[in-house]
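Attaching a single structure in structure tokens format; questions to follow.
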Amino acid sequence: MLVTDMGDELAHASALRRAFVILDTIGEGVLVTDSANRIISVNPAFTAITGYQAEEAIGRDPSFLGGGTHLPQFYAAMWRSLHQDGSWCGELVNRRKNGERFVESLSITPMRAPDGAIGHFVGVFSDITERKLAEAARRELHRELDQRVIERTAELERANLHLQLEVQQRKQAQEALRDAERFFHATIDSLTDRVLVLDQAGSVVHANQACLAFVGQAPRPLHYLEYCETDARWQRSAGNELAAGIRAVIAGSIDVFALEYEFGTRAGPRWSQARVSRFRGEGPLRVVVAHTDITERKLMDGALRQSHAQLRQLALHLETAKEDERKRISRDIHDELGQNLLALRIDISMLSARTEGSHPRLHRRVGAVLSNVDTTIKSVRGIMNELRPMALDLGLQAAIEWQVGDFRKRSGIVCHLLIRDEALFAAIGSKVEIVLFRIVQEALSNVLRHAQASQVEIEFSSDAYAVHVAISDNGIGITPPQQHKKHCFGLIGIAERVTALGGHFAVGTPPSGAGCRLALQIPLRVPPRPAA
């Protein structure tokens with residue numbers, strides 16, 4: 001019998017570990033079955049007695065050990081006693097894996113769940129074959145007294161040897177348990193995280209070496225909540241916030257509390273993450289507080305955010321530079337190539353007029369050249385519009401209307417432009433105009449290439465702080481995995497443009513439930529003037 005004071009939670013946990021070690025070292029076989037009487041666990045002594053390894057026994061009904069040595073009535077009476085009396089004790093004749101019969105003394109106890117239902121059966125047995133043989137020998141010795149004395153003496157010697165062996169094994173088990181406890185404490189003390197265990201009053205029950213090294217050895221029992229609320233090294237009232245979280249966990253209003261905080265040390269401020277959890281179990285309440293140093297992660301997060309901001313600034317600069325270059329090339333084409341083509345067309349038109357009556361054949365050739373020049377002029381205009389539509393010089397509204405009209409002609413798709421308040425265009429700066437125009441241009445291009453839509457609607461609206469744009473179609477839509485494809489640069493470019501201007505961008509579904517809807521919001525520097 002092993003008697004342990006279970007009042008302390010650490011003692012309870014220690015007792016559980018000792019119980020598991022003892023189960024692995026005692027000479028009695030132990031098997032655990034589920035409510036359907038299927039083996040789910042055995043100890044090493046089970047294998048030593050029966051010859052069956054754990055993997056050979058788990059999942060099977062314990063009756064496979066019987067080998068038909070008992071009648072069904074015997075097992076029926078066993079189950080009846082289990083359910084009526086709550087336990088069963090008796091002797092069985094079973095077979096080992098090698099076919100050898102042995103007698104065992106078996107005790108079966110059901111384990112019940114909190115609702116009263118039987119969840120498991122625990123069977124503890126020992127090999128009493130030798131004892132049965134001894135009893136038979138003892139009966140034989142009644143007939144031969146001298147022989148009985150000799151054999152009884154031998155049995156006592158064997159029993160004494162067995163007892164000495166059991167005592168030695170128990171000492172070894174206790175020493176192994178002490179080693180396991182020392183190893184457990186050494187493992188906890190080797191953790192770099194600072195770990196504390198608090199009681200219901202908020203006082204420290206146990207602290208590992210990392211925690212003691214961080215705060216220093218306390219001369220008296222430390223009340224951790226008081227330490228959190230009074231120590232000046234907690235930055236931005238983090239100690240008070242942590243103390244409030246610990247109290248909430250102790251009260252049971254929350255199960256887990258987490259907090260990232262900054263704490264002043266001799267080496268400078270350090271960032272940590274505190275995680276407070278409630279230990280669930282029997283005995284007095286215990287709360288575990290674990291502190292993890294996250295200073296390096298915070299520094300990396302700050303550097304990463306700065307890098308992202310720089311990348312956005314660079315992307316915005318590149319977009320601005322690209323738009324400026326497009327504007328310059330468009331104007332150069334208009335001023336140089338456009339004027340030259342116009343002059344060339346005038347000369348060819350004059351030549352065509354002079355050769356109309358006198359040189360019919362040359363007139364036809366001149367007409368073909370004039371047609372090629374017209375086609376070239378049209379292509380040059382298309383190139384200029386692709387680079388930077390001239391309509392942008394007339395304002396964003398005119399450019400959007402031109403873009404919608406051009407889209408209708410090229411695609412044959414019905415496209416509606418809805419402007420809630422024309423005054424909003426007066427509050428939009430030139431940089432935002434270019435961004436909005438390119439976003440509408442990219443969105444219509446995506447509709448034409450991918451959406452398989454028959455109708456598109458573009459809506460402009462504003463409030464006192466931002467301009468809102470919604471582009472919806474009735475096509476096949478886009479799924480979240482498609483939005484994050486490697487080569488989905490159109491949506492990525494739109495999102496980056498909007499983010500660089502401090503706005504928000506979202507991809508969703510129109511109210512109709514079919515198609516795709518791009519919604520973006522860009523803040524206004526100057527509130528729009530009310531409509532006349």
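One is the number of the first residue; the rest follow in order along the sequence. Being a predicted model, the structure only gives us computed values, none of them experimental.
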Arg194 and Ser272: CA distance, side-chain angles, deciding distance, side chain to side chain contact (heavy atoms under 4.5 Å, CB included) verdict
CA-CA 10 Å; Arg194 307 186 299 276; Ser272 298; 3.3 Å; yes

Between the CD1 atom in Ile246 and the CG atom in Leu196, the distance rounded to the nearest 0.5 Å is 8.5 Å

Rounded distance (nearest 0.5 Å) linking atom OG1 of Thr375 with atom CG of Leu370:
9.5 Å

Nearest 0.5 Å, please: how far is OG1 in Thr295 from CZ in Arg270?
3.5 Å

Do any N or O atoms from the side chain of Ser307 and from the backbone of Ala303 form a donor-acceptor pair under 3.5 angstrom?
no

Charged N to carboxylate O under 4.0 angstrom, Lys298 versus Glu262?
no

Any side-chain to backbone donor/acceptor pair from Ser349 onto Arg345? Under 3.5 Å, distance only.
yes

Between atom OG of Ser445 and atom CD of Gln441, what is the distance when rounded to the nearest 0.5 Å?
8.0 Å

Is a side-chain N or O of Arg517 found less than 3.5 angstrom from the main chain of Gly508, in a donor-acceptor match?
no

For Asp406, run the side-chain hydrogen bond (donor to acceptor under 3.5 Å, both in side chains) check against Arg408, Arg410, Lys409 and tell me which one passes.
Arg410

Minimum heavy-atom separation for Cys516 and Ile478, please, with both atom names.
SG-CG2, 3.5 Å

Does any N or O in the side chain of Ser253 come within less than 3.5 Å of the main-chain N or O of Ala248, such that one atom is a donor and the other an acceptor?
yes

Spell out, as yes or no, whether a donor-acceptor pair under 3.5 Å connects the side chain of His223 to the backbone of Ala201.
yes

For a 4.5 angstrom cut-off between non-hydrogen side-chain atoms, does Phe460 reach Val440?
yes

Give me the one residue out of Leu518, Asn474, Val456 that meets side chain to side chain contact (heavy atoms under 4.5 Å, CB included) with Val447.
Val456

Residues, nucleotides or ligands: over 12 heavy atoms within 6.0 Å of Arg361 CZ
no

Might you confirm whether atom NE2 of His416 has over 12 heavy atoms from other residues, nucleotides or ligands at distances under 6.0 Å?
yes

Given 3.5 Å as the limit, does a donor-acceptor pair link the side chain of Glu422 with the main chain of Arg420, or not?
no

Within 6.0 angstrom of Glu260 CD, more than 12 heavy atoms from elsewhere:
yes

Donor-acceptor pair, His363 side chain versus Ser352 backbone, under 3.5 Å?
yes

Apply the test side chain to side chain contact (heavy atoms under 4.5 Å, CB included) to residues Arg112 and Ile118: give CA-CA distance (whole Å), side-chain angles for both, the deciding distance (0.1 Å), then the verdict.
CA-CA 4 Å; Arg112 298 184 179 275; Ile118 295 177; 3.3 Å; yes

Shortest non-hydrogen contact from Leu524 to Asp463?
CD1-O, 4.1 Å

Mind checking whether Val276 and Leu242 have side chains closer than 4.5 Å, heavy atoms only?
yes

Closest approach of Trp271 to Tyr261 (non-hydrogen atoms, all atoms of both residues):
CE3-O, 3.2 Å

Could you go through the side chain to side chain contact (heavy atoms under 4.5 Å, CB included) check for Thr499 and Phe505 one step at a time?
CA-CA 8 Å; Thr499 303; Phe505 172 71; 5.9 Å; no

What heavy-atom pair brings Arg38 and Gly59 nearest, and what distance separates the two atoms?
CD-O, 3.4 Å

Can you see which heavy atom on Leu448 is nearest to which on Ser411, and at what distance?
CD1-CB, 3.4 Å

Taking the six-membered ring for Trp, are Tyr227 and Trp234 parallel (under 30°), tilted (30 to 60°) or perpendicular (over 60°)?
perpendicular

Could you check Asp193 against Arg275 for side chain to side chain contact (heavy atoms under 4.5 Å, CB included), going step by step and ending with a plain yes or no?
CA-CA 11 Å; Asp193 289 353; Arg275 180 178 176 83; over 6 Å; no

Nearest heavy atoms of Thr509 and Gly515, plus distance in Å
CG2-O, 4.1 Å

Side-chain heavy-atom pair Val197, Val204 within 4.5 angstrom cut-off:
no

Spacing of CZ belonging to Arg365 relative to CD1 belonging to Ile348, to within rounding of 0.5 Å:
12.0 Å

So do the side chains of Ile250 and Leu285 get within less than 4.5 Å of each other, counting heavy atoms only?
yes

Can you measure from CG (Asn240) to SG (Cys228) and round to the nearest 0.5 angstrom?
8.5 Å

Taking only Lys NZ, Arg NE, NH1 and NH2, and the carboxylate oxygens of Asp or Glu, determine whether Arg449 and Glu442 approach each other closer than 4.0 Å.
yes

